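Let me begin by presenting the structure, written as structure tokens, before commenting on it.
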Amino acid sequence: MTEILIKILQLFLAFTLLVGIHELGHFIMARIFGIRVEKFYIFFDPWFSLFKFRRGGTEYGIGWLPLGGYVKIAGMIDESMDKEQMKQPPKPDEFRSKPAWQRFLVMIAGVVMNLVLAAVIYCGIAYVWGDAYFSNDDARWGYNFSDEGKALGFRDGDRIVAIDGERVDDLNRLLSDLVITESDRTVTILRNGAEEQLVLPLDRLIELRKSRGFERLLELRMPFIIDSVAAASAREAGLRAGDEIVAIDGARGLDFPAGTEYLRGRSGDTVRLTLLRGTDEIRLSAPVSDEGKLGVVARNPYSLRTHEYTFWESIPAGLHKAAGVVSSYWEQLKMIVKPQTRMYEELGGFLAIGSIFPSAWDWQSFWLTTAFLSIILAVMNILPIPGLDGGHALFTFWEMLTGRKVSDRVLEGAQYVGLVIILFLLLYANGNDIYRFFIK
């Protein structure tokens, strides 16, 4: 229950920040151009609000329905559908009285603010925590693969060299690049010292993505490297710190878990070991205790790499990170409308969004997730769907190109269509959540 509450709290805090920043963008740009803003709300307030006050002709408040937020700009056809106001003659401080280029900037200001917020967060993360990642180049002993991975053709010990000819260093990016695709993937692997290619069919990758099987697709193969020698019998047998056990009784390819399992089966016996000491192979015999142990402590050879940044270095690093996430998410969004990818089946609502937050409070994870959601909000809002910022901006851009203003009647009709589309997407996405989390 505590973990769920922490996720809910993080979702609420992030969503409040993202919506507030988005609407603040519209608000600031409208005020710059002298446009009257009647309401500024975080969350929606049908029938009543949780909190409100009025200042400078604007009503500020917090609604009770946490599905977004809005600013009510005078003289604009928006989700409030205030037709009575639109029947009145235009006033100088209304949205509809301003030039098209000013109205266009007002409409895209929320998206711009979300992108700026994401970039600022990524810059801050780079400066405070640096860029920590596990390098695929460090996986010298290869990976162990799940049953799903082996069904795709991988074998334990394989090293992944490239995906579709492109080398990938970051392990997290490797996994996402593998399954976020609209066609078959060709993976170059290193197996037994020789490069081979595996062709992964799109339909299998789709199933792997839907089942979240890629999250457990592979794990680092742990070698049997001796960190220290604890038992006198092991020292007398000739074992030293730094030795890597590459074979036991002639059986090669055993990693640390498999090696310890084998030793438990030889309790109280003596085994023949093949060691890698520097560049030399050494063979010797060593006793196994009654508990199935050699009397040595193993070493974990892996560690995260961290690229640290100065304040000035963190700015381009954060901008580059934000641009990369925008590009990646846009590519995923385009694949949703392609039936062959079946990514539309993976749309998620509030439960899916809440689930990506960590179950324990961690500021770095919180800010990373918030920045990602800020980009999602920006990209989704710029889509040319009536009712979203992109829809309003599209009509205004058309006016800028043609010099002809779209009629209020068309705008009202488009707004209704957009609201229906948005409602359908909300129901579909949250319905997917219910199916995935409670029925499937």
Side-chain angles (χ1 to χ4, degrees), residues 3 132-161 170-172 174-175 189-194 213-306 358-360 362:
E3 295 179 353
Y133 67 100
F134 180 81
S135 173
N136 184 47
D137 292 339
D138 292 340
R140 296 193 295 112
W141 294 271
Y143 298 98
N144 286 335
F145 293 87
S146 63
D147 291 339
E148 294 97 332
K150 291 174 181 176
L152 289 171
F154 292 105
R155 297 180 189 171
D156 289 343
D158 286 348
R159 290 184 61 187
I160 296 178
V161 178
D170 190 328
L171 180 58
N172 288 328
L174 183 153
L175 291 171
I189 61 172
L190 190 64
R191 179 180 292 169
N192 299 323
F214 68 92
E215 295 178 351
R216 56 182 182 276
L217 180 70
L218 54 82
E219 60 181 17
L220 287 165
R221 190 172 176 82
M222 188 65 64
F224 203 147
I225 299 177
I226 299 174
D227 184 66
S228 61
V229 179
S233 59
R235 284 193 294 271
E236 292 169 0
L239 296 176
R240 298 181 187 174
D243 288 347
E244 179 183 348
I245 300 175
V246 295
I248 305 177
D249 288 340
R252 288 184 175 268
L254 299 177
D255 59 1
F256 177 71
T260 53
E261 181 66 25
Y262 181 87
L263 291 172
R264 278 195 290 269
R266 298 295 303 274
S267 300
D269 204 346
T270 299
V271 293
R272 292 176 290 107
L273 303 177
T274 302
L275 310 175
L276 187 63
R277 182 175 294 167
T279 58
D280 300 326
E281 274 200 1
I282 297 174
R283 293 174 176 81
L284 51 82
S285 296
V288 183
S289 70
D290 293 339
E291 292 77 27
K293 298 180 179 180
L294 288 174
V296 298
V297 178
R299 176 195 305 168
N300 181 353
Y302 301 115
S303 61
L304 288 174
R305 296 188 184 189
T306 302
S359 55
D362 178 82

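Since this is a predicted model, take the numbers as computed values, not measurements. All values below were derived from every heavy atom in this structure, side-chain atoms included, with hydrogens, water molecules and symmetry-related copies excluded.
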Before accepting this row, confirm whether a basic side-chain N of the pair R140/E244 lies closer than 4.0 Å to the acidic partner's carboxylate O. no
Grab the two heavy atoms, one from A241 and one from S228, that are nearest each other, plus how far apart they are. CB-CA, 4.3 Å
Can you check whether L218's main-chain N or O pairs, donor with acceptor, with N144's side chain at less than 3.5 Å? no
Side-chain contact test, heavy atoms from C-beta onward, threshold under 4.5 Å: evaluate it for I245 versus L294 and give yes or no. yes
Any I226 side-chain heavy atom under 4.5 Å of R240 side chain: no
Side-chain heavy atoms of I282 within contact of D243, under 4.5 Å: no
Would R252 and T274 count as a side chain to side chain contact (heavy atoms under 4.5 Å, CB included) if you check the C-alpha gap in whole Å, the side-chain angles of each, and the deciding distance to 0.1 Å? CA-CA 9 Å; R252 288 184 175 268; T274 302; 3.7 Å; yes
I need the L220 CG to D138 CG distance, nearest 0.5 Å. 9.0 Å
Taking atom CZ as the centre, does R266 end up with more than 12 heavy-atom neighbours from other residues, nucleotides or ligands that are less than 6.0 angstrom away? yes
Side chains of L254 and F224 in contact at under 4.5 Å (non-hydrogen atoms): no
Derivation of the side chain to side chain contact (heavy atoms under 4.5 Å, CB included) call for I248 and R272: CA-CA 6 Å; I248 305 177; R272 292 176 290 107; over 6 Å; no
Could you grab the distance from atom CZ of F256 to atom CZ of R299, nearest 0.5 Å is fine? 13.0 Å
Find out whether S146 and L217 are in side-chain contact, i.e. whether some heavy atom of one side chain is under 4.5 Å from a heavy atom of the other. yes
Could you check whether any side-chain N or O of D255 sits under 3.5 Å from a backbone N or O of P223, counting only pairs where one atom can act as donor and the other as acceptor? no
If you define the side chain from C-beta out and look only at heavy atoms, does anything of L275 sit under 4.5 Å from V246? no
For atom CZ of R159, decide whether the heavy atoms of other residues, nucleotides or ligands shown that lie under 6.0 angstrom number more than 12. yes
Go through the steps for L239 and L284 under the test side chain to side chain contact (heavy atoms under 4.5 Å, CB included), then give the verdict. CA-CA 9 Å; L239 296 176; L284 51 82; 4.0 Å; yes
Ignoring hydrogens and angles, tell me if any N or O in the side chain of R235 forms a donor-acceptor pair with the backbone of V229 under 3.5 Å. yes
Got a donor-acceptor contact below 3.5 angstrom from the Y302 side chain to the M222 backbone? no
Here the gap from L190 atom CG to I160 atom CD1, rounded to the nearest 0.5 Å, amounts to 11.5 Å
Are D249 and Y262 close enough that some pair of their side-chain heavy atoms sits under 4.5 Å apart? yes
Measure the shortest side-chain to side-chain distance between K293 and V288 over non-hydrogen atoms and say whether it is less than 4.5 angstrom. no
Find the distance between CZ (F134) and CZ (R305) and round it off to the nearest 0.5 Å. 8.5 Å
Nearest heavy-atom contact between R216 and E148 is NH2-OE2, 3.0 Å
